[in-house]
Number of protein chains: 2
Amino acid sequence: MFRPDVPKWLQLTELLKGRIESGEYQPRYPIPSEHQLVQETGLARTTVRKAVAALRDQGYVYSVHGLGTFVSPPEDRKTS
Amino acid sequence: MFRPDVPKWLQLTELLKGRIESGEYQPRYPIPSEHQLVQETGLARTTVRKAVAALRDQGYVYSVHGLGTFVSPPEDRKTS
DNA sequence: CTCTATTTGTACGTATGTATG
DNA sequence: TCATACATACGTACAAATAGA
């Protein structure tokens with residue numbers, strides 16, 4: 001599932017970003033939980049968290065403690 | 001209370017399994033709640049839950065949302 | 001019927017240790 | 001020395017189901 005030459009966390013970041021940009025994950029709706037992403041990818045939770053943190057830093061998602069991680073409105077995305 | 005070389009969650013799993021197999025916890029009766037196990041062991045709830053989840057995976061107990069976790073009948077136990 | 005307490009379920013936040021390249 | 005990656009462990013928050021007063 002993952003190429004060996006690129007960090008897995010970065011590949012997961014790009015994968016999720018693609019699903020957001022394609023509209024598969026809609027603004028204001030949650031992306032899969034960390035637990036679900038761990039199950040689906042086989043990665044460790046820390047690695048999944050690193051991928052989601054990068055998405056957050058780039059304005060693609062925001063997280064609410066105890067609730068989940070949600071897709072940001074398109075204008076929040078930092079495309080730089 | 002816990003050995004340093006084995007994960008605490010696994011040690012708690014084995015401890016509870018021992019109480020089930022010895023008959024201290026009887027089939028169809030509840031085991032201590034997560035909260036009680038936290039108090040008794042000093043572990044975090046997440047760690048206690050991991051121990052109970054392992055017990056569930058092995059067929060030793062089943063949980064009912066809002067009610068508790070109960071000892072399974074012996075024939076459900078996966079001894080493999 | 002409503003309120004409350006208890007209990008399990010779900011989910012994110014944080015920290016530490018170990019191993020590998 | 002550093003980034004990546006996995007595992008363990010504690011903390012905090014919110015949700016849902018159940019039972020009883």
Side-chain angles (χ1 to χ4, degrees), chain A residues 1-17 19-20 24-73 76, chain B residues 1-17 19-20 24-73 76:
Chain A
M1 175 176 184
F2 293 104
R3 296 193 304 280
D5 56 330
V6 180
K8 294 175 181 176
W9 68 264
L10 183 54
Q11 296 184 56
L12 179 55
T13 299
E14 294 305 314
L15 173 70
L16 295 173
K17 193 183 295 185
R19 291 181 181 172
I20 290 172
E24 179 175 353
Y25 297 154
Q26 290 283 315
R28 294 176 297 108
Y29 283 81
I31 68 172
S33 71
E34 292 176 358
H35 181 72
Q36 283 177 311
L37 291 174
V38 165
Q39 299 301 314
E40 292 174 9
T41 63
L43 301 176
R45 188 187 169 207
T46 38
T47 306
V48 167
R49 279 187 62 76
K50 189 164 180 134
V52 175
L55 267 187
R56 224 175 5 244
D57 289 344
Q58 295 169 50
Y60 278 81
V61 299
Y62 59 95
S63 298
V64 181
H65 190 178
L67 264 190
T69 297
F70 305 84
V71 178
S72 305
D76 290 353
Chain B
M1 173 175 186
F2 292 105
R3 296 193 306 279
D5 56 328
V6 179
K8 294 175 180 177
W9 67 263
L10 184 54
Q11 295 184 57
L12 179 55
T13 298
E14 294 305 316
L15 173 69
L16 294 173
K17 194 184 294 186
R19 292 182 180 171
I20 290 172
E24 177 174 353
Y25 298 153
Q26 288 285 314
R28 292 176 298 104
Y29 283 81
I31 69 172
S33 71
E34 293 173 0
H35 181 72
Q36 283 177 312
L37 291 174
V38 165
Q39 299 302 315
E40 292 175 11
T41 63
L43 300 178
R45 189 187 168 209
T46 38
T47 305
V48 166
R49 279 186 62 77
K50 184 158 182 146
V52 174
L55 268 187
R56 222 172 10 240
D57 289 344
Q58 295 170 49
Y60 278 79
V61 298
Y62 60 94
S63 298
V64 181
H65 188 179
L67 204 50
T69 297
F70 305 84
V71 178
S72 303
D76 290 354

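Only heavy atoms go into these numbers, but all of them, side chains included; no hydrogens, no water, no symmetry mates. Lettering follows sequence order; numbering is per chain, from 1.
B:R56 has its CZ atom 12 Å from the C1' atom of C:dT10, to the nearest Å. We find that OH of B:Y62 is positioned 14 Å from C1' of C:dT8, with the value rounded to whole Å. Atom-to-atom, CD of B:Q11 to P of D:dA7 comes out at 19 Å; the value is rounded to the nearest Å. Between A:W9 atom CH2 and C:dT20 atom P there is a gap of 23 Å when expressed in whole angstrom units. Rounded to an integer number of Å, the gap from B:L67 CG to D:dA19 P is 5 Å. Rounded to whole Å, atom C1' of D:dA16 lies 4 Å from atom NE2 of B:H65. Atom CG of A:L37 and atom C1' of C:dC12 are 13 Å apart (whole Å). B:E34 has its CD atom 14 Å from the P atom of D:dC10, to the nearest Å.
One finds a side-chain N or O of B:K8 lying less than 4.0 angstrom from the OP1 or OP2 phosphate oxygen of D:dC10. Listed pair A:T69 / C:dC12 meets the phosphate criterion, a side-chain N or O lying under 4.0 Å from OP1 or OP2. In terms of phosphate contacts, B:R49 brings no side-chain nitrogen or oxygen within less than 4.0 Å of OP1 or OP2 of C:dT8. Phosphate proximity of D:dC10 to B:T47: present, with a side-chain N or O under 4.0 Å from OP1 or OP2. Contact annotation: B:K50 reaches the phosphate of D:dT8 (side-chain N/O to OP1 or OP2, under 4.0 Å).
In this structure, A:S33 reaches the sugar-phosphate backbone alone: every heavy-atom distance under 4.0 Å involves primed, P, OP1 or OP2 atoms, never a base. The residue B:V52 sits apart from the nucleic acid: no heavy atom pair falls under 4.0 Å.
A donor-acceptor pair under 3.5 Å is formed between the side chain of B:T13 and the backbone N or O of B:A51.
Nearest-nucleotide positions on DNA chain D place B:V48 closer to the 5' end than the other of B:R45 and B:V48. Each of A:T46 and A:P32 lies near DNA chain C, and the nucleotide nearest A:P32 is the one positioned closer to the 5' end.
You'll find that the side chain of A:A44 is closest to D:dC6, out of D:dC6, D:dA9, C:dT8.
Taking the side chain as every heavy atom from C-beta outward, B:I20 and B:V61 approach each other to under 4.5 Å. B:Q58 places a side-chain heavy atom less than 4.5 Å from the side chain of B:K17.
The structure places CG of A:L15 at 9.0 Å from CD of A:E40, a figure rounded to the nearest 0.5 Å.
Nearest heavy-atom pair, B:F70 versus B:R28, reported as atom, atom and distance to 0.1 Å: CD2-O, 3.7 Å.
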